[in-house]
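Below is one structure; the comments refer to it alone.
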Amino acid sequence: MSSVIDTVLWPDPAQRDRLVEIRDNLLARIAEAEYEGWLGEVQGLQMSLAGAEEKLTQIDRR
């Protein structure tokens, strides 16, 4: 059962490049939203960014 739990909790290392792409896109979107003064959008994007960065950290630790 442990291997099933590990699979569910840990992102697939093969998806690392895609996660980097997503993170970079989020950073660009945050910069645009800040420039435009879309504060609510910035907050939501920052939450998504934190999730993407956490997944990258998990992959790198594994």
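Since we're looking at a predicted model, the values are computed, not measured.
- Lys55 approaches Pro11 most closely through the heavy-atom pair O-CG, 3.5 Å.
- Within a 6.0 Å sphere centred on CD of Glu53, heavy atoms belonging to other residues, nucleotides or ligands number more than 12.
- A distance of 13.0 Å separates CG of Leu27 from CD of Glu32, quoted to the nearest 0.5 Å.
- For the atom pair CG of Asp17 and CD1 of Ile22, the computed distance is 11.0 Å after rounding to the nearest 0.5 Å.
- Leu45 and Trp38 fall into different hydrophobic clusters, where Ile, Leu, Val, Met, Phe, Trp and Tyr side chains are chained together by heavy-atom contacts under 4.5 Å.
- Of all heavy-atom pairs between Val42 and Ala33, the closest is CG2-CB, 3.5 Å.
- Put simply, CZ on Arg23 and CZ on Arg18 are 13.0 Å apart, with the number rounded to the nearest 0.5 Å.
- For the atom pair Leu19 CG and Glu54 CD, the distance stands at 11.5 Å (nearest 0.5 Å).
- Closest approach of Ile59 to Pro13, counting heavy atoms only: CG2-CA, 4.0 Å.
- With rounding to the nearest 0.5 Å, the separation of CZ in Arg29 from CD in Gln46 is 12.5 Å.
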